[in-house]
There are 2 protein chains.
Amino acid sequence: MVKPLFKAMQVLRIVCESSQALTLKDITELSEIPKSTVYRYLYTLIAMDMIDYNSNNETFSPGLGLWWLMQSADPFSKLRQVSSKERRSLMRKFNETVNLGVLTGSEVLYLEIVESARSLRMQAQPGARDDIHSTALGKVLLAFRPRSQWEALIPEKLVRHTDKTLVQRNEVLANLEEIRRTGFAIEYGENEDGATCIAAPILDSNGVSLAAVSVSAPSSRITDALKKEIIVELSKCCAIIENKFIRDIPNSAGR
Amino acid sequence: MVKPLFKAMQVLRIVCESSQALTLKDITELSEIPKSTVYRYLYTLIAMDMIDYNSNNETFSPGLGLWWLMQSADPFSKLRQVSSKERRSLMRKFNETVNLGVLTGSEVLYLEIVESARSLRMQAQPGARDDIHSTALGKVLLAFRPRSQWEALIPEKLVRHTDKTLVQRNEVLANLEEIRRTGFAIEYGENEDGATCIAAPILDSNGVSLAAVSVSAPSSRITDALKKEIIVELSKCCAIIENKFIRDIPNSAGR
DNA sequence: GCTTGCAATTTCATGTCATGAAACCATATG
DNA sequence: CATATGGTTTCATGACATGAAATTGCAAGC
């Protein structure tokens, strides 16, 4: 474990996670690392373009270097690109918000959101996270993982978000079984009151979920007929993405 | 200048810029840093989630940590989000590819591209770069910068991309003046044969270009009438984005 | 204009710890 | 079985990261 590297990354993280540009003093305090040390880290990171220095107000902010790194490194960029058209057309079809998410750690991560044009619509920011057990996206992602992961990711004690949240581990596990059978997840206000969400998985060639797509809308708008239609279109959409993705993948099958 | 940090960043960069996952040996050779040192860097970076280790084939690839950093740090995320709907609707209006770009260093950087659905269409990848002097996007971005920057960014010797490329500095400077007067740039096959591109700037409150939007299409499809229409719609689009962006900005006016 | 305060730089003696050669280990290949 | 290849660990060495403290630079207050 290389200490200067470790500490410098903390500094970088602090700079990146702050919404405002920070001064040396700020960073020193937040990181609890001596001033002169932080100073040298910053200096080095600036030389590498990881951090920008604004000489007007003597503040530090995230630099373009990171962006360059991501440009080639973003593990989801293929997924996003490949799926972008399908998700957009799905959004237009029902005029409801369409989300793309993946499992990270024990949460769902929203990668990208195509918002509907309606004024009453579901809203979230890319990068936001939610619990697995209370979202259709989360449950469908987990359902299509090896069952050995289920127990690890669904703890005994589950956070209640609304009246309808499943807080019993057994309930959730049963739900996962059903999702795995039917191929999609549906959730009525378990995560947020009045919000319904329908999700389907994007699977790799082994049948393990890579990502999932969901349509989320105010419960009031989701009639039974519409629900059926959404499920059909959503499944179609995911199947197409799956296909595209698998055909596109050879370049990531290294050496 | 903190050496371990500096070298570790090189390693990180190598891992990120490679299209395949690399082995320790690969990285050692590419970075020309001793094996054991690279090993420790990698180990540390893995602990920080900046790099992923795949134990199956003993390879290293970019990790999620970077993605998290970018999530909050991406200097263009606001611009992208704020402009996304306008650019999409512009694409639909003419069914031609719409680009969003910024100036970095002495090149144009394509931030995001909304592709038209036509089979003959302009294509580029986000993160791609082009010369300033041969693209509408580049010229419009530079035209709306202080004139003092013009000379610095337009060298005496200009690279010729096609028959039509302006390779005389004076020609380009005159062109910039005109663009500044008219408010948009148009380019017929100066960068690529048969490709026409029309661009307009997104300006900050001082009239300096932050970014630019362009419509690019095969020259054969761009009639005079269509050209005029595109210019009108493109200008409208940019004006709307400008407005949204300026209204949204307060949170980035730090401390 | 002088002083005071605050934050950014720079200095420097100290000893930590990053370093890389070499040894070691695990696995594949002939 | 021998050999090679690449990953992992060890270890003595001294380079260099470190942080306290001094210095500079700037701005506000008196």
Side-chain angles (χ1 to χ4, degrees), chain A residues 1-63 65 69 73 252-255, chain B residues 1-63 65-66 73 252-255:
Chain A
M1 176 73 49
V2 181
K3 213 195 272 183
L5 179 52
F6 184 83
K7 291 206 267 179
M9 287 313 220
Q10 293 187 308
V11 168
L12 184 58
R13 191 166 280 161
I14 286 170
V15 171
C16 285
E17 283 171 1
S18 155
S19 45
Q20 310 101 37
L22 299 173
T23 66
L24 174 60
K25 187 175 186 259
D26 295 334
I27 302 171
T28 305
E29 283 164 2
L30 287 168
S31 64
E32 296 180 343
I33 296 173
K35 209 166 36 159
S36 49
T37 305
V38 173
Y39 179 73
R40 259 164 312 177
Y41 288 162
L42 288 172
Y43 190 83
T44 309
L45 289 169
I46 289 168
M48 320 242 18
D49 271 338
M50 297 299 158
I51 285 187
D52 273 349
Y53 177 63
N54 183 341
S55 50
N56 295 328
N57 50 1
E58 295 180 322
T59 57
F60 301 87
S61 47
L69 289 187
S252 82
R255 44 187 49 246
Chain B
M1 175 72 49
V2 181
K3 213 197 273 183
L5 179 52
F6 183 82
K7 291 206 267 179
M9 287 313 218
Q10 292 186 309
V11 168
L12 184 58
R13 191 167 279 161
I14 286 170
V15 171
C16 285
E17 282 172 3
S18 157
S19 44
Q20 311 101 36
L22 299 172
T23 67
L24 174 59
K25 188 179 187 257
D26 295 334
I27 302 170
T28 305
E29 283 164 1
L30 287 168
S31 63
E32 296 179 344
I33 296 173
K35 206 165 41 158
S36 50
T37 304
V38 173
Y39 180 73
R40 258 163 311 169
Y41 288 162
L42 288 172
Y43 190 83
T44 309
L45 289 168
I46 289 168
M48 319 246 11
D49 270 337
M50 297 299 158
I51 285 187
D52 272 349
Y53 177 63
N54 182 342
S55 51
N56 295 328
N57 50 2
E58 294 181 322
T59 57
F60 300 88
S61 48
L66 282 170
S252 81
R255 44 186 55 245

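Computed from a predicted model, the values in this text were never measured in an experiment. Within every chain, numbering begins at 1; the chains are lettered A, B, ... in the order of the sequence lines, protein sequences first and strands thereafter.
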Using every non-hydrogen atom in the two residues, find where [X] and [Y] come nearest and quote the distance to one decimal.
X	Y	result
A:Ala8	A:Leu45	O-CD1, 4.1 Å
B:Phe60	B:Ile27	CD1-CD1, 4.0 Å
B:Val2	A:Pro4	CG1-CB, 4.3 Å
A:Ser61	A:Ala21	CB-CB, 4.2 Å
A:Met48	B:Arg13	O-NH2, 3.1 Å

Euclidean distance, atom [atom1] of residue [X] to atom [atom2] of [N] [Å, nearest integer]:
X	N	atom1	atom2	value
A:Ile33	D:dA20	CD1	C1'	16 Å
A:Asn57	D:dC26	CG	C1'	15 Å
A:Tyr41	C:dT9	OH	P	18 Å
A:Phe6	C:dC17	CZ	C1'	16 Å
B:Lys3	C:dT16	NZ	C1'	16 Å
B:Leu5	D:dA15	CG	C1'	17 Å

Worksheet item: Under 4.0 Å between a side-chain N/O of B:Thr37 and OP1 or OP2 of C:dG20, yes or no?
Response: yes
Worksheet entry | Closest-nucleotide 5' rank along DNA chain C - winner of A:Val2 and A:Ser36 | A:Ser36
Practice prompt. Determine the contact category for B:Tyr43: base if any of its heavy atoms lies under 4.0 Å from a base atom, sugar-phosphate if only primed atoms, P, OP1 or OP2 are that close, otherwise nothing.
Written response: nothing
Worksheet entry | For B:Lys25, salt bridge (Lys or Arg N to Asp or Glu O under 4.0 Å) partners two or more places apart | B:Glu29
Could you run down the sub-3.5 Å N/O contacts of the protein with nucleotides 5-8 of chain C?
residue : atom : partner : partner atom : Å
C:dA7   : OP1  : A:Lys25 : NZ           : 3.4
C:dA8   : OP1  : A:Leu24 : N            : 3.1
C:dA8   : OP1  : A:Lys25 : N            : 3.4
C:dA8   : OP2  : A:Lys25 : N            : 3.3
C:dA8   : N7   : A:Lys35 : NZ           : 3.3

